[in-house]
A.B. asks: 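Got a structure for you, questions after.
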Amino acid sequence: MTVRRLPALLLLAGLVSGCGIRATEVPTDFGPAPSRVQCSLSGPQVSTQSSRGLPAQVFLLCRSSLVAVDRVVRVPDDVADSERRMLVAQGLLDELAETPSAAEAEAGYTTAVPAGLTVRGPRPSDPDDALRLSTPPDALAPASLAQIVCTFSDSAAAESDGSVTLGGPDSGPLRRYDCTDEVRASPGRMEPPSTEVKDG
């Protein structure tokens with residue numbers, strides 16, 4: 001009887017060894033598991049003193065795309081609407097140029113906006129919604145311009161349709177910029193689409 005069972009046992013052993021995962025001596029070390037999630041901030045991003053300013057969002061770079069983070073812009077209550085718009089725009093520029101916090105840097109956030117960049121209102125011949133930067137927009141890196149356009153377009157510095165009219169410090173031409181999904185996805189390669197503003 002033992003002799004008769006031997007072929008069956010051998011067949012069963014062959015089937016079991018053929019359908020499972022075979023042992024291997026090849027190393028399978030794929031490195032440590034990721035220790036943190038990129039572009040994700042835990043906890044509140046705005047301090048408890050946010051009530052003293054205007055809550056806003058700025059777009060920082062993270063993993064080659066634009067990601068919105070919370071900020072606070074200090075604006076006095078007793079200012080005219082036109083002056084308030086300039087103060088908001090300058091406050092947003094300052095926040096964009098600020099070095100990301102330790103938590104933001106750990107999550108992979110960076111900024112391409114240069115420090116010291118300023119903004120002022122329109123010249124006499126400009127449209128009322130024009131913003132003139134201290135550096136001409138076409139002289140900025142594509143990622144820097146994308147950060148500025150997308151941040152302004154989501155704020156009180158933009159027109160009702162979300163477009164942003166920007167120019168340089170002199171009487172050079174103005175352009176109306178839009179923040180698109182493509183720009184947010186690839187700010188380093190995709191410049192914000194724009195059209196020239198006539199008679200600006």
A.B. asks: Distance check, rounded to the nearest 0.5 Å: Q90 atom CD versus S134 atom OG?
C.D. replies: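 These two atoms lie 8.0 Å from each other.
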A.B. asks: Would a 4.5 Å heavy-atom cut-off, applied to side chains only, mark R71 and L96 as touching?
C.D. replies: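 Not touching, per the 4.5 Å side-chain cut-off.
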A.B. asks: Quick check: closest heavy atoms across D128 and P122, and the distance to 0.1 Å?
C.D. replies: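 Residues D128 and P122, closest heavy atoms: O-CG, 3.8 Å.
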A.B. asks: Which heavy-atom pair separates A185 from P187 by the least distance, and what is that distance?
C.D. replies: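 Of all heavy-atom pairs spanning A185 and P187, the closest is C-CD, 3.6 Å.
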A.B. asks: Quick one, L87 and V79 - any side-chain contact, counting heavy atoms below 4.5 Å?
C.D. replies: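 Result yes, sub-4.5 Å side-chain heavy-atom pair found.
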A.B. asks: Test L60 against V67 for side-chain contact (heavy atoms from CB on, under 4.5 Å), laying out the working first.
C.D. replies: CA-CA 5 Å; L60 298 182; V67 181; 5.9 Å; no
A.B. asks: With a 4.5 Å cut-off on side-chain heavy atoms, are C39 and Y109 touching?
C.D. replies: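 Yes, close enough: below the 4.5 Å cut-off.
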A.B. asks: For G53 versus V72, what's the shortest heavy-atom pair and its separation?
C.D. replies: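 Looking at all heavy atoms of both residues, the closest pair is CA-CG1, 3.6 Å.
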A.B. asks: Taking the side chain as everything from C-beta on, heavy atoms only, tell me whether T151 gets closer than 4.5 Å to V113.
C.D. replies: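 Heavy-atom side-chain distance check fails, nothing below 4.5 Å.
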A.B. asks: Please name the pair of heavy atoms, one in A143 and one in A112, separated by the smallest distance, quoted to 0.1 Å.
C.D. replies: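 Between these two residues, the closest heavy atoms are CB-CB, 4.2 Å.
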A.B. asks: Determine, step by step, whether R85 and D129 satisfy the salt bridge (charged side-chain N to carboxylate O under 4.0 Å, His left out) criterion, reporting the C-alpha distance in whole Å, the side-chain angles of both residues, the deciding distance to 0.1 Å, and the verdict.
C.D. replies: CA-CA 9 Å; R85 184 167 173 265; D129 63 335; 5.4 Å; no
A.B. asks: Check whether any side-chain heavy atom of C179 sits under 4.5 Å from a side-chain heavy atom of R184, and report yes or no.
C.D. replies: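 Of all side-chain heavy-atom pairs linking R184 with C179, at least one is under 4.5 Å.
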A.B. asks: Is T165 close to D126 at the side-chain level, that is, under 4.5 Å between some pair of heavy atoms?
C.D. replies: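 Side-chain contact under 4.5 Å: no.
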A.B. asks: Which heavy atom of V73 sits nearest a heavy atom of G91, and at what distance?
C.D. replies: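 Reported closest heavy-atom pair: CG1-CA, 3.9 Å.
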A.B. asks: In Å and rounded to the nearest 0.5 Å, what is the CG to OG distance from D161 to S153?
C.D. replies: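 Output value for this atom pair is 10.0 Å.
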A.B. asks: Mark yes when over 12 heavy atoms from residues, nucleotides or ligands other than R189 sit less than 6.0 Å from its CZ; otherwise mark no.
C.D. replies: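 Incorrect, the count does not exceed 12.
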A.B. asks: Donor-acceptor check, side chain of R123 to backbone of A130, threshold 3.5 angstrom: yes or no?
C.D. replies: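 Here the side-chain-to-backbone pair does not exist.
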A.B. asks: Under a single-linkage definition using a 4.5 Å side-chain heavy-atom cutoff for Ile, Leu, Val, Met, Phe, Trp and Tyr, are L117 and F152 assigned to the same hydrophobic cluster?
C.D. replies: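 They do share one cluster, since a chain of ILVMFWY contacts under 4.5 Å joins L117 to F152.
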A.B. asks: How close do T110 and Q147 get, counting heavy atoms only, and between which atoms?
C.D. replies: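 Shortest heavy-atom contact: O-NE2, 4.5 Å.
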A.B. asks: Looking at CG of L145 and OH of Y177, how far apart are the two atoms once the value is rounded to the nearest 0.5 Å?
C.D. replies: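 Spacing of CG (L145) from OH (Y177) equals 5.5 Å.
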A.B. asks: How far apart are the C-alpha atoms of T111 and E98, what are their side-chain angles, what is the distance that settles it, and do they pass the side-chain contact (heavy atoms from CB on, under 4.5 Å) test?
C.D. replies: CA-CA 8 Å; T111 184; E98 189 74 21; over 6 Å; no
A.B. asks: Are R132 and L174 close enough that some pair of their side-chain heavy atoms sits under 4.5 Å apart?
C.D. replies: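 When only atoms from C-beta onward are counted, L174 and R132 do touch, with a gap below 4.5 Å.
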A.B. asks: Are P193 and V183 packed together at the side-chain level, in the sense that at least one heavy-atom pair is separated by less than 4.5 angstrom?
C.D. replies: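 They are in contact (side-chain heavy atoms under 4.5 Å apart), so the answer is yes.
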A.B. asks: Test of understanding: clusters of I, L, V, M, F, W, Y form through side-chain heavy atoms closer than 4.5 Å, transitively. Do M86 and L93 belong to the same one?
C.D. replies: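 Looking at the clustering, L93 is in the same group as M86.
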A.B. asks: Got more than 12 heavy atoms from elsewhere within 6.0 Å of CG, D170?
C.D. replies: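 Count over threshold, so yes.
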A.B. asks: For the atom pair OG (S186) and CG (L66), what is the distance rounded to the nearest 0.5 Å?
C.D. replies: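 Going from the OG atom of S186 to the CG atom of L66 covers 9.5 Å.
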A.B. asks: Verify the cluster assignment for L61 and V58: are they in a single hydrophobic cluster under the rule of side-chain heavy atoms below 4.5 Å apart?
C.D. replies: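 Hydrophobic grouping puts L61 apart from V58.
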A.B. asks: Using 0.5 Å steps for rounding, measure from the CG atom of D178 to the CZ atom of R175.
C.D. replies: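 Those atoms lie 11.5 Å apart.
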A.B. asks: Do V149 and L133 belong together in a cluster built from hydrophobic side chains that touch within less than 4.5 Å?
C.D. replies: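 Linked, V149 and L133 end up in one cluster.
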A.B. asks: Drop me the distance from R84's CZ to D78's CG, to the nearest 0.5 angstrom.
C.D. replies: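 CG of D78 is found 9.0 Å from CZ of R84.
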A.B. asks: If Ile, Leu, Val, Met, Phe, Trp and Tyr residues are connected whenever their side-chain heavy atoms lie under 4.5 Å apart, and connections chain through other members, are L54 and F59 in the same group?
C.D. replies: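 No; tracing contacts between hydrophobic side chains, which count when under 4.5 Å, never links both residues.
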